Protein chains: 2
Amino acid sequence: MKRSRPLKRKLKRSEPKRPEPDAVDPRSIDDDPVVQGILTAISQKRLKPGAKLGEDKLAAAFGTTRIHIRQALAHLAARKVVMQIPNRGAFVYRPSWEEALDIFAARRLIETATVAAAIDRLDKAGRAELKAHMELEARHDRNDRWASLSLTADFHILVAKLAGNQVLLDMSRELMLRTSLAIATFEQPGEPDCSPDAHPDIGALILARDKAGAVHAMRHHIEEMEQRIRPTEGEDEVDELTAIFQEIGARARAGG
Amino acid sequence: MKRSRPLKRKLKRSEPKRPEPDAVDPRSIDDDPVVQGILTAISQKRLKPGAKLGEDKLAAAFGTTRIHIRQALAHLAARKVVMQIPNRGAFVYRPSWEEALDIFAARRLIETATVAAAIDRLDKAGRAELKAHMELEARHDRNDRWASLSLTADFHILVAKLAGNQVLLDMSRELMLRTSLAIATFEQPGEPDCSPDAHPDIGALILARDKAGAVHAMRHHIEEMEQRIRPTEGEDEVDELTAIFQEIGARARAGG
DNA sequence: GCGCCAAAAATTGGCGCCAATTTATTGTCT
DNA sequence: AGACAATAAATTGGCGCCAATTTTTGGCGC
């Protein structure tokens, strides 16, 4: 095909063979309005696990086309936020009970280590940011459920940010989202997401550089969250029955 | 067709309003041949960071259509394995230097905690699995570079599996893939991926239930890997050329 | 009335085509 | 000769259409 020019020093005109992906347009599909919309709707619990995400509906709702929606859904399916079933469509992901437990266990493992790392590298700017958030959380409007949810998630995000690791931060974001799916799936109705003073306590311990204390408080906080979910007791008999029957029906129809 | 049993409980006929996504076809796009193919090609370092992934080429290579490829690429882009740039196409993800460091730091943090958890819940079956893998690794063919790569990755995967947390396991898989991208991007040529006896050492410490020792060995092992990369000093020319040739090779292999 | 079978409506899956943009090649000027 | 500019080729992006499957609706027999 082409020539492989002996290298002189610089790369001349026949060089643009390599596209240099780093150097350009870092814009990804992450900030797609559809993806962001579904994500915030889920984290605000306005979309419940198992909810159908029809392509036409979404296209109409976001004022875009079906192709765009499908890309967004594929993206979200890769992040385990939605579940795609062939010929059935996309649904808000509903973790199994075991998966929910695993999510909490993973958070326990990761966030305890994260908070320790955050204390290690805590600097003036981090202190200020943490204080600012704690103050914000202290006097937020507890009646605004959606704002509350955002704030409580933001605290954990902030701790992950203080650890100074973008990869870890992204993983924590992911886990937080899946946590909210787990809670939405298995929570007892009517309880708040977090005990009100857990975050101030942890924040104070971080500011005091009390590593052992902060780690312990974080673990306790996550365990407390975990205590709030139950494996669909009581009324899920019906739920399980419907699932079983529907599965039998689907199998019979499909397998013939 | 054999039909379903008579169900007497609830569930009248106008009830199936809710589709129950849990109960059906857990088959996801994860085991799509295109996704798996690109993934293994990357983990075997046959696809190098920055390589162009043209839709037509891939469609021809996998014997499928462009639409299918686009879904697979969207999936991989969400997992940060490929990078999609509008109107330019998809490329094998090339982490920045900072991101590479973050990946190693995240692995240090997560895998040390993982190995501790693995020791805590180590049982007979886990022991056997670990021993089997160590034996396999002990007498593998070191000339088969691809098999070697698979084996070394499998050790870390196995440790994550022993921890008994599917979510953590998936995250570790993800991190391992991104590690191989980081190494492929910034490695010095000609060095092996792992020091040969790191894995046996760690395995022995796990079997001995020496938690502190295993954690330390794991941290050291990851730090050793991290030491092997350098921030593209000076030899950009060479790097560019290799990239060019690799891309030409990939093109030849894919399109013919 | 209840549950099963058949037809209809709605939804997803997939392909081809064409426009928009980028990339490679060629020509021209300094 | 080297660099810039215009043209040509290749690639991605997007829309419409139609087939395949599923979900709903209606009808029949017990």
Side-chain angles (χ1 to χ4, degrees), chain A residues 1-3 5 8-21 23-25 27 29 32 34 52-60 62-74 77 82-91 242 245-256, chain B residues 1-21 23-25 27 29 32 34 51-74 77 82-91 244 247-248 251 254-255:
Chain A
M1 24 183 70
K2 289 279 95 27
R3 80 309 209 69
R5 221 32 214 113
K8 275 198 237 194
R9 180 80 176 161
K10 275 225 146 210
L11 307 164
K12 298 311 174 100
R13 45 175 299 190
S14 62
E15 188 40 39
K17 204 79 179 86
R18 168 120 92 71
E20 282 299 334
V24 279
D25 209 336
R27 183 175 252 172
I29 217 159
D32 181 287
V34 179
K52 174 94 191 271
L53 297 172
E55 297 183 357
D56 282 325
K57 308 278 177 57
L58 288 175
F62 284 101
T64 179
T65 60
R66 209 151 65 89
I67 284 238
H68 199 179
I69 298 293
R70 274 165 81 168
Q71 284 181 323
L73 289 178
V82 314
M83 184 176 188
Q84 277 181 314
I85 303 172
N87 292 323
R88 299 269 311 267
F91 306 85
T242 65
F245 292 143
Q246 299 221 341
E247 197 229 340
I248 291 173
R251 217 163 267 238
R253 233 171 294 139
Chain B
M1 12 187 114
K2 23 270 119 173
R3 219 359 198 188
S4 64
R5 305 326 171 66
L7 65 127
K8 25 248 227 54
R9 264 248 188 258
K10 329 204 138 185
L11 241 246
K12 313 296 191 199
R13 44 177 303 180
S14 59
E15 187 48 39
K17 205 76 179 105
R18 173 121 90 70
E20 282 301 330
V24 280
D25 207 338
R27 182 173 253 174
I29 230 169
D32 181 286
V34 179
K52 175 93 189 271
L53 297 172
E55 297 183 357
D56 282 326
K57 307 281 174 53
L58 288 175
F62 284 100
T64 178
T65 60
R66 211 150 64 88
I67 281 241
H68 199 177
I69 298 293
R70 274 165 83 165
Q71 284 181 324
L73 289 178
V82 314
M83 183 176 188
Q84 276 180 316
I85 303 172
N87 292 321
R88 299 269 311 268
F91 306 84
I244 293 165
E247 205 237 333
I248 291 174
R251 213 169 267 238

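Below, chain A is the first sequence line, B the second, and so on; all start at residue 1. Model, not experiment: these values are computed from the prediction.
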Do the side chains of [Y] and [X] get nearer than 4.5 Å, heavy atoms only?
X	Y	result
A:Ile85	A:Phe91	yes
A:Leu58	A:Arg66	no
B:Arg70	A:Gln71	yes

**Asked** Which angle, rounded to 10°, do you find between the first-five-pair axis and the last-five-pair axis of the helix from C:dG1-D:dC30 to C:dT30-D:dA1?
**Response** 10°
**Prompt:** Where the side chain of A:Lys52 is defined as all heavy atoms beyond and including C-beta, which of D:dT11, C:dG13, C:dT11 is the nearest nucleotide?
**Reply:** C:dT11
d([atom1], [X]; [atom2], [N]) in whole Å:
X	N	atom1	atom2	result
A:Leu53	C:dA10	CG	P	20 Å
A:Phe91	D:dT23	CZ	P	7 Å
B:Gln84	D:dG13	CD	C1'	11 Å
B:Asp56	C:dT22	CG	P	18 Å
B:His68	C:dC15	NE2	P	9 Å
B:Gln71	C:dG14	CD	P	6 Å
B:Ile69	C:dC15	CD1	P	11 Å
A:Arg88	C:dT12	CZ	C1'	12 Å

**Prompt:** When rounded to the nearest 0.5 angstrom, what is the spacing between NZ in B:Lys52 and NZ in B:Lys57?
**Reply:** 7.0 Å
**Complete:** Distance col, row B:Ile69:CD1 vs B:Asp32:CG, nearest 0.5 angstrom, shows 8.0 Å
**Prompt:** For the residue pair B:Leu73 and B:Glu55, what are the closest heavy atoms and their distance?
**Reply:** CD1-CG, 4.3 Å
**Complete:** In short, B:Gln84 meets B:Ala90 closest at the heavy-atom pair CG-CB, 4.0 Å
**Prompt:** For D:dT11, does either OP1 or OP2 sit under 4.0 Å from a side-chain N or O belonging to B:Lys57?
**Reply:** yes
**Prompt:** Does OP1 or OP2 of D:dT12 have a side-chain N or O of B:Arg70 closer than 4.0 Å?
**Reply:** no
Under 3.5 Å, which N/O atoms of the protein pair with N/O atoms of nucleotides 16-20 of chain C?
none

